[in-house]
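Okay, so here's the structure we're looking at.
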Amino acid sequence: MSEKKMMHVLPLEAYTSQAWFDREQEMIFSKTWAYAGFAEDISEPGQYISVQAGLNNIFIVMGRDRRLRAFHNICRHRGTQLIRAVGKAQKALTCPYHDWTYDLEGNLISVPEEQSEFKDLDKSCLGLKKASVDMWRGMLFVHPNPDAGSIMEWFGEVEPHLGPHNIEELVEYPDARVEYEIKANWKIVVENYIDVYHLAHLHSGTLAMYDHAKAEYGFFGPHYAFWEPLSEDYAKDIEKNAPTPLVLPLDQLGASVPMLFPGIGLAESESNWATFIITPLGPQLSRVENRVRLKNASEWEFQKQQWRSASFWSKSIKGKYSPEAAEHDDDPMASGDFTAEDIYACEQQQKSLKSPYFEVGASAQNGESPVRQHQQVVLDFVEGRYL
Ligand code: FES
Ligand SMILES: [Fe+2]
C-alpha cells in the first residue's frame, strides 16, 4: 500500500473491508462496555433486553430480587439463543429448541426427559454464562467478561469533562426516539461527530447558535469530550429561543458533545440530553439510535414550546426528521436539519473511498486532530495494544 492511500492514521481498507470489520468486532466491540438501553427499560422482575456486543449476544434480566444480571444469550444445551430483542419473560427462561429452562438468576432448573436421556446430569454446572452489567448516567451497559469490574474504571476519566446535567431528573421524550441506517463505515460516522473543523461550514446554517471558536475538546483515555458555549446573541434570547425548557443553569449554557468509545455519542445541551449510539452493521453500513431526555415539564408546556426551532436535535424532537425524506430530498443541505447534513456528508465521503483516485489531501491541525486521535485509538485496539 502506498503512502497516498493512507487515510490519516488508518489504512483505507479500515473503512471498506470485511476483514477489518471482523477484526474490530473481535478486538473492540467484544472487549469493551456496550450500551444496552436506558435504566427505565427494565423496571420489573422478568423483564429483559438483549444487545449484540461484538461477537456476543448478551441479555440483561431483572431477577425476583430486583437485581439486574447479564448473561450470554446461549442455551447451555446446544447453544441456541434463548431470547430475542426486548420483552417480559414469565417466571423463567425457556429455550425454544428443546425446552431447557432457566430461572431469572441463570440457573438451569428443568431438562425435559432428564431421567431417560441425561442420566447423572449435574444441572448446577450448566447455568447460563455470566456477563457484566452496570449503570452509568441513566444508561445500562454490558460487558462480555463477567469480571469486567466497575464501569467507572472505563468512563471515570472522562466523566468530569461531560455536561453537568442531572440526568435522573430528566424524562425520556418517546416521540424523539428514532433509529436509522447510514451507508457509511461506523468510523466515518464517529469522525464526523468529532470533527470540529466542519461545524462552522457544513452546519453554517444549522448550528450557528453555538460559539465554535470557544470550543474545548480532547481525549481522556479512549473517550472524546467536547464542550462549546451558546453564542452570546443566542444566549441573550434563550428564554424565547429554547425549543424546550432549559436543563442547564443560565451561567452554563452550551453543549457537551462527547463520543465515548466505541461509538457511544451523547449530546448534552442547554435544552435536552440525547444519545447517539452508533452500531456497525457492515464495513459500509451503520445504524444510529437516538433517544432524548427533557425536563419533566407538563404536557401543556411541551405543546407551547414545540413550535420553536433551531436547537440541538430540534428536528428530532418535533418528529420531523426522516432519513427516507432526507435521501429523496433534492437537496439535503437545504433541509435545515444538521443531522441530515451529517448523514449526507458521511455517505458522500464513503462513496469516494473505493475510487483509485481517492486520497486524503491534508488534515486540519486542530479541528481534525480528534479524527486522527480516534483513528489511533482504533488502531491500538485492533493491534491489541490497548487492553
Ligand atoms: S439448544 Fe436449548 S434446549 Fe436444546
Ligand atoms: Fe456534524
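In this chain, numbering begins with 1 at the start of the sequence shown. Counting starts at 1 for both ligands and their atoms, following the listed order.
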*Tell me, please, if His77 has any N/O/S atom, main chain or side chain, under 2.8 Å from atom 4 (Fe) of ligand 1?*
yes
*Got the closest protein heavy atom to atom 1 (S) of ligand 1, with its distance?*
Thr80 OG1, 3.2 Å
*Establish, yes or no, whether the cationic atom of Arg293 lies under 6.0 Å from the six-membered ring centre of Phe38 and within 45° of the ring axis.*
yes
*Are more than 12 heavy atoms from other residues, nucleotides or ligands located less than 6.0 Å from atom OH of Tyr197?*
no
*So which N/O/S atom does His198 have closest to the Fe ion (ligand 2)?*
NE2
*What is the name of the N/O/S atom in Asp342 that sits closest to the Fe ion (ligand 2)?*
OD1
*Check whether any N, O or S atom of Asp195 sits under 2.8 Å from the Fe ion (ligand 2).*
no
*asked:* Which residue in the set His198, His374, Gln375 passes side chain to side chain donor-acceptor pair (under 3.5 Å) when paired with Glu191?
replied: Gln375
Those atoms of ligand 1 less than 4.0 Å from some heavy atom in [X]:
X      : answer
Trp100 : 3 (S)
Cys95  : 1 (S), 2 (Fe), 3 (S)
Cys75  : 1 (S), 2 (Fe), 3 (S)

*Indicate yes or no: does Lys31 engage Glu26 in a salt bridge with an N to O separation below 4.0 Å.*
no
*Presence of salt bridge, Arg67 and Glu105, under 4.0 angstrom*: no
_With side chain to side chain contact (heavy atoms under 4.5 Å, CB included) as the criterion, how do Phe358 and Val360 come out once you've worked through the C-alpha distance, each side chain's angles and the decisive distance to 0.1 Å?_
CA-CA 7 Å; Phe358 171 84; Val360 171; 4.0 Å; yes
*For His98, what is the atom name of its N, O or S atom nearest to atom 4 (Fe) of ligand 1?*
ND1
*Determine yes or no for a side-chain-to-main-chain donor-acceptor pair under 3.5 angstrom, with Gln350 supplying the side chain and Tyr15 the backbone.*
yes
